[in-house]
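Quantities reported herein were computed from a predicted structural model and do not represent experimental measurements. What you see below is based on every heavy atom in this structure, not just the backbone, and it leaves out hydrogens, waters and symmetry mates.
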Amino acid sequence: MSACVPARTTDANHTERTHPPHSPPPSGPRRPRIASADVSAAVAVFLIALPLSLGIALATGAPLQAGLVAAAVGGLVAGRIGGSPLQVSGPAAGLTVVTADLIQQYGWRTTCAITVLAGLAQLGLGCLRVARGALAVSPAIVHGMLAGIGVTIAVAQLHIVLGGTPQSSVPDNLRALPSQLADVHPAALFVSLLTLTPLLLWPRLPGRAGLLLHKIPAALVAVAGATAIAAAAGLVLPKVDLPSWRNHALAGLPEGPVLGLVAAVLTTTLVCSVQSLLGAVAVDKLASARPGGARVARSDLDRELLGQGAANIVSGSLGGLPVAGVAVRSSANVHAGAVSRNSTMLHGVLVVAAALLMVPLLEFIPLASLAALVMAVGIQMVSLHHIRTVTRHREVLVYAVTTLGVVSFGVLEGVALGIAVAVGVALHRLTRTRITHELEEGVHHVHVRGQLTFLAVPRLSRALHLVPQGSHAVVALDGSFMDHAAYETLQDWQSTHTAQGGTVEITGRRSGVRIAEPSALASAHLTGVDAGADGASEAHCRCRPWTAWRNHQCERPSLLPDGDRRPDPADATDGGSGADGSNGEGGADGALGTAASRTAAHRTGAGRKDAAAGAGGADPTRAPEPDRDGAGAGSAGSQLVRGIGTFQRYTAPLVRGELARLAREGQRPAQLFLTCADSRLVTSMITSSGPGDLFVVRNVGNLVPPPGTESGDDSVAAAIEYAVEVLAVRSITVCGHSGCGAMQALLDSGPGSGAGTPLRRWLRHGQPSLERLGAGSAVPPRLTGRTPADAVERLCLTNVVQQLEHLRAHDCVARALKDGALELHGLYFHVGEAQTYLLTERDEETVFDRVRAVDLAM
């Protein structure tokens, strides 16, 4: 019986709605499902948001209900519309100082109107799609702003902790602090200490009990514990007073000077937007680093700005505080296992329920307890990690000026000061160029450190004129920019020096383009080689943008006896251009290097005269001179020596410090990367990794022999055991690639072929992949948006999946996976596309998703 024919008889007069064959019958409207992880995360975030919202409202001087309104709107509106699914929005500590100043200057109803206008401004910015532009602000300025706000909050709340009333500014609070210390309210101080103690000790509880108790937020434990003890002891203290919602003040028309209101709107917009966007980026990083679990889409920053704007409009209209992304709640949401925006929205529903049903309980909370909680949050905003980071990047001056400016003058003024100092520091670095001249073994070295602009031309000229006529000079450019004035100065001196019998070698961090040499052009003309419109000293340079990795091994195309160039297959893609696509002296800042072959000519004893004639400027009719090792100039041994020499000269000075640290501390890689031995697969290049990042195992076909295999290979198993048990790597990646020769050999041999040679014996470990491909028991893996191109690509994809199963069979891997200490990943690298695909499970399908380009501003 066909599967499409119903098994029961039906009334002939009864008509049923038909549906397409092999599809389920139509059902009613689907009910939205909320994952259990979202429910538990929403409860955890709600328990943190409730006391913090009240505390922030208290710190700003706003009605306490305004904090609950902002928390509910941030969860429901920003959570639904925003572009960051896991970010939780609400009243943020970073807005406390701004809002407090607005309330004191304009009153509460006008402050609500300013919040609405700031939301409209955010909507406009979101429509203009400038969200990523906000991330261009220096992190030192952002961290300094948050630190200044944190200091302001902590100093103000300290007065409430001691039983007093805070002043309007930090200087006033500091001046009033001695008198406040002399008149401490013992009950308020006692309750504050009861609040601060759990905040400090709760995250540090040891053992298994500590792991279970950590699921309860420390803020809830601190406030609830202090409230219970204060009520039991009968302490007389100011407590939370939530008036009836009937008397809740809504937004009114803005009143005040126009310029002052515009500045207030701009300040609120700036702080809300920057904090929300930076929070969205941080949430993405937290979610991606979370072990296991469902994958969450990355944040859409422009949509997030629209969501924050809509939330501020609604919150301000309903009499709530300004809304922004909150780091504490967002990190709690991620760590609690949230998988969608439902957790954020459900937390907003819980806040609404608490605001309507829990008013009698909330009114037991002492204000001193909330002040201590907010003071602790303010202190945490001064992050030692951020201070170490800006110090390492030499931006501590920007951080300090921004912090002091916010503390002394206000948020907008402090940020403006920080931006001014950051611009000054950048200009100082741009104009600070060190130029030195040294004589070593008869060679004059002129070293330029920094950017070469017209301001450095006088010093450059003085250093160049120290080089005697007819001598050999090496000019090392250690910078990424050269303006036109500096370029012409260097070019004119080079032309004059070479005309007087000297030789010049210009090196730099950017390879592939160089300052043109007249002698090189003449040599190219005499030998019949077309130098091209770019005026480069070597025709058809084969450099790529990654010539630092390729050691800049420029190769002159071979010449026919009549002077015509022999066809070069690379011409189809090279186009005869330099590494960065610039055309020689047409791009002044790109003229930073000369060919490594000319450098090799000096090192290997070739005459300076030949070197001056251009890169590889030897007579094409003459046999190549032997190198030091006796090999020909084009031999593999010579290329190896040149590559090593280039590394020692250019790369080693840059990485020596990092390698010295790794030599002292030992290797601590985070990943085991198992891939094929194919020469086209450069692991460090496709993963953007460096020394100490990857523990790499390479073999023919990226195979992982399962444990206990007869005639197995213990080298791979030993590497896996060492990586997991000794190095404690957190992830293992199996990476296959297109056009794999091992997979082609497997297909050619077929299942059950003999094992006569070492290669055949090794490829026996790939037989399970071949059998899996031919079994047809499951849907074969595919690439995003298309099916595999041919049988080899199908086998390459299947092989990655099969080798991951072999990995799971190893005892050490199985134990680490069970303990949640290890992740397994599958990758597929398409060589021709230079595109990486990541293995994912989707709707009972095995799919290799295209890995998108990462925005470095994130």
Under the side chain to side chain contact (heavy atoms under 4.5 Å, CB included) test, residues paired with [X] that sit two or more places apart:
{"X": "Leu194", "result": "Phe190, Ala226, Ile229"}
{"X": "Ile313", "result": "Val116, Leu120, Leu123, Ser317"}
{"X": "Val151", "result": "Val155, Val382, Val407"}

Which residues share a side chain to side chain donor-acceptor pair (under 3.5 Å) with [X], sequence neighbours left out:
{"X": "Glu304", "answer": "Gln87, Gln308"}
{"X": "Ser315", "answer": "none"}
{"X": "Gln157", "answer": "none"}
{"X": "Arg109", "answer": "none"}

Would you list the atom pairs, donor with acceptor, under 3.5 Å between side chains in residues 345-358 and any protein atom, with sequence neighbours excluded?
residue	atom	partner	partner atom	Å
His347	ND1	Thr344	O	3.0

Requested in this report: Please report the closest heavy-atom contact between Leu146 and Met381, naming both atoms and the distance.
Outcome: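 The pair with the smallest heavy-atom distance is O-CE, 3.4 Å.
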Query raised in the report: Would you say Arg80 has more than 12 foreign heavy atoms packed within less than 6.0 Å of its CZ?
Result: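 Open.
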Query raised in the report: Any side-chain heavy-atom pair from Ile103 and Thr110 closer than 4.5 angstrom?
Result: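 They are not in side-chain contact.
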Query raised in the report: Is there a donor-acceptor contact under 3.5 Å from the side chain of Thr836 to the main chain of Val851?
Result: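 Side chain of Thr836 to backbone of Val851: no pair is present.
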Query raised in the report: Does Thr197 offer a backbone N or O that forms a donor-acceptor pair with the side chain of Trp202 under 3.5 Å?
Result: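 No.
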Acceptor/donor pairs from residues 368-376 side chains to any protein atom, 3.5 angstrom cut, sequence neighbours excluded:
residue	atom	partner	partner atom	Å
Ser369	OG	Thr195	OG1	2.9

Requested in this report: Check step by step if side-chain contact (heavy atoms from CB on, under 4.5 Å) holds for Ser89 and Gln275.
Outcome: CA-CA 10 Å; Ser89 301; Gln275 182 166 345; over 6 Å; no
Let me check something: any side-chain donor-acceptor pairs from residues 388-401 under 3.5 Å, sequence neighbours excluded? List them with distances.
residue	atom	partner	partner atom	Å
Thr389	OG1	His385	O	2.8
Thr391	OG1	Ile387	O	2.7

Query raised in the report: By salt bridge (charged side-chain N to carboxylate O under 4.0 Å, His left out), which residues pair with Arg668, not counting sequence neighbours?
Result: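 Glu665.
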Query raised in the report: Who pairs with Asp302 by salt bridge (charged side-chain N to carboxylate O under 4.0 Å, His left out), at least two apart in sequence or on another chain?
Result: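 Asp302: salt bridge (charged side-chain N to carboxylate O under 4.0 Å, His left out) contacts with Arg129.
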